[in-house]
Protein chains: 2
Amino acid sequence: MSWDLKSDRPIYSQLIEQIELKICSGIFAPGTKLPSVRELAQDAAVNPNTMQRALSKLEEDGLLYTNRTSGRFVTEDVKMIQQAKHRLAQEQISEFLEKMKSLGFDKSETLSIVSEMLKGAKK
Amino acid sequence: MSWDLKSDRPIYSQLIEQIELKICSGIFAPGTKLPSVRELAQDAAVNPNTMQRALSKLEEDGLLYTNRTSGRFVTEDVKMIQQAKHRLAQEQISEFLEKMKSLGFDKSETLSIVSEMLKGAKK
DNA sequence: ATTATTGTATTAAGCGCTTAATACAATAAT
DNA sequence: ATTATTGTATTAAGCGCTTAATACAATAAT
């Protein structure tokens, strides 16, 4: 599953982010059952409490729901997932543009650099 | 100066990042004297030790140098600053593209979204 | 010469994050 | 009925980050 956790940010917050991405991209499909807390924790090489913390937050946000003893599931509210996806995309884009601006690249420069990189990479 | 520190990441690491940006964009020009540790710390509303920690790292990286009692200065090695600038830009771009990919946007989609946003914003 | 400012260092305390070790209730699976 | 699996909760310990309170040496400013 390749969790690839960095040490310069709280783990639970990185877990939230990565699971969120998997839900938004459909890797964790709507209505699907997630692996158990213990399984996920082991897979990510993390303490169950830490994984639990991340999952609770996602549940609070409405992306997951829990059936007391049968497990956790991805929401079936596709609209909500779409909203989350677009919110995250917006955040990414504005953070990116802002940082490039701080670095001293104006918008047209940034755009051409990105285009160049995309041409360079295949597909 | 608007430091705008978040609580979800170590402060010293955010300080490094922001000072690095100011050096790369020329706001802190090559050869320029920085404010003292204490001043910077007060400005950022942070403990002097924490600011010191960030500055030490930047010095280690070669972007700053210290004159024992007269203060800290931005390197005059413009080439090194340029390198740092491009390294940071590369990092930003690949992180951004990678995250958009995780979200389920392919490269051409990402490019058109960014173009759209840049058209929308004035200038 | 004296004073103020520079970077630097040390110690103790508090806080959040993370882990480890458990335990419990509810219920699906057998 | 029994067993295994689910989410959940608690406690104690360790660790890094941050702050506060100091102190010191070197030297620029006066």
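Here the structure is a predicted model, which is why all the values come from computation and not from measurement.
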- Determine the contact category for A/Arg53: base if any of its heavy atoms lies under 4.0 Å from a base atom, sugar-phosphate if only primed atoms, P, OP1 or OP2 are that close, otherwise nothing.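 A/Arg53: backbone/sugar contact only, no base atoms under 4.0 Å.
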- With heavy atoms under 4.0 Å as the rule, sort B/Asn49 into base, sugar-phosphate or nothing.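 B/Asn49: base contact, heavy atoms under 4.0 Å.
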- Message: Quick check: on DNA chain C, is the nucleotide nearest A/Ala45 upstream (toward 5') of the one nearest A/Arg68, or the reverse? Name the residue that is more 5'.
- Response: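 Nearest-nucleotide comparison on DNA chain C picks A/Ala45.
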- Report yes or no: does B/Gln52 contribute a side-chain atom to a donor-acceptor pair with the main-chain N or O of B/Val37 at less than 3.5 Å?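 Answer holds: no.
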- Query: Have B/Ser2 and B/Asp4 got a donor and an acceptor in their side chains that come within less than 3.5 Å?
  - Reply: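 No.
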- Query: Quick one: do the B/Asp106 and B/Ser108 side chains pair a donor with an acceptor below 3.5 Å?
  - Reply: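 Present: a donor and an acceptor within the cut-off.
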- Polar pair under 3.5 Å, donor/acceptor by atom type, side chain A/Arg38, base D/dG7: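 Donor-acceptor pair under 3.5 Å: yes.
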- Does B/Ser70 make a side-chain N or O approach to OP1 or OP2 of C/dG7 shorter than 4.0 Å?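 Indeed not, no polar side-chain atom of B/Ser70 lies that close.
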- Query: For D/dT6, does either OP1 or OP2 sit under 4.0 Å from a side-chain N or O belonging to A/Ser36?
  - Reply: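 It does, given that an N or O in the side chain of A/Ser36 lies less than 4.0 Å from OP1 or OP2 of D/dT6.
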Counting only side-chain heavy atoms from C-beta out, which of [options] sits nearest to [X]?
X: A/Ile11; options: D/dT8, C/dT18, C/dT27; value: C/dT18
X: B/Thr69; options: C/dA26, D/dT27, D/dC17; value: D/dT27
X: A/Thr66; options: C/dT18, D/dT8, C/dA20; value: D/dT8

Using Watson-Crick or G-U wobble geometry with both distances under 3.5 Å, which nucleotide pairs with [N]?
N: D/dA12; result: C/dT19
N: D/dT6; result: C/dA25
N: C/dT30; result: D/dA1

- Parallel, tilted or perpendicular: rings of B/Phe73 and B/Tyr65 (30°, 60°):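 B/Tyr65 vs B/Phe73 ring planes: parallel.
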Could you tell me the separation between the [atom1] atom of [X] and the [atom2] atom of [N], rounded to a whole number of Å?
X: B/Arg72; N: C/dT6; atom1: CZ; atom2: C1'; answer: 10 Å
X: A/Tyr12; N: C/dC17; atom1: OH; atom2: C1'; answer: 8 Å
X: B/Asn47; N: C/dA13; atom1: CG; atom2: P; answer: 17 Å
X: B/Asn67; N: C/dG7; atom1: CG; atom2: C1'; answer: 11 Å
X: A/Tyr65; N: D/dG7; atom1: OH; atom2: P; answer: 13 Å
X: B/Leu15; N: D/dC17; atom1: CG; atom2: P; answer: 13 Å
X: A/Met51; N: C/dA20; atom1: CE; atom2: C1'; answer: 17 Å
X: B/Gln42; N: C/dT5; atom1: CD; atom2: P; answer: 13 Å

- Starting at the 5' end of DNA chain D, which residue's closest nucleotide do you reach first, A/Gly71 or B/Val46?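 Upstream on the strand: A/Gly71.
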- Query: So do the side chains of B/Leu15 and B/Leu5 get within less than 4.5 Å of each other, counting heavy atoms only?
  - Reply: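 The answer is yes; the side chains approach within 4.5 Å.
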- Query: Yes or no on salt bridge (Lys or Arg N to Asp or Glu O under 4.0 Å) for B/Glu20 and B/Lys57, after CA distance, side-chain angles and deciding distance?
  - Reply: CA-CA 11 Å; B/Glu20 216 171 21; B/Lys57 178 59 167 51; over 6 Å; no
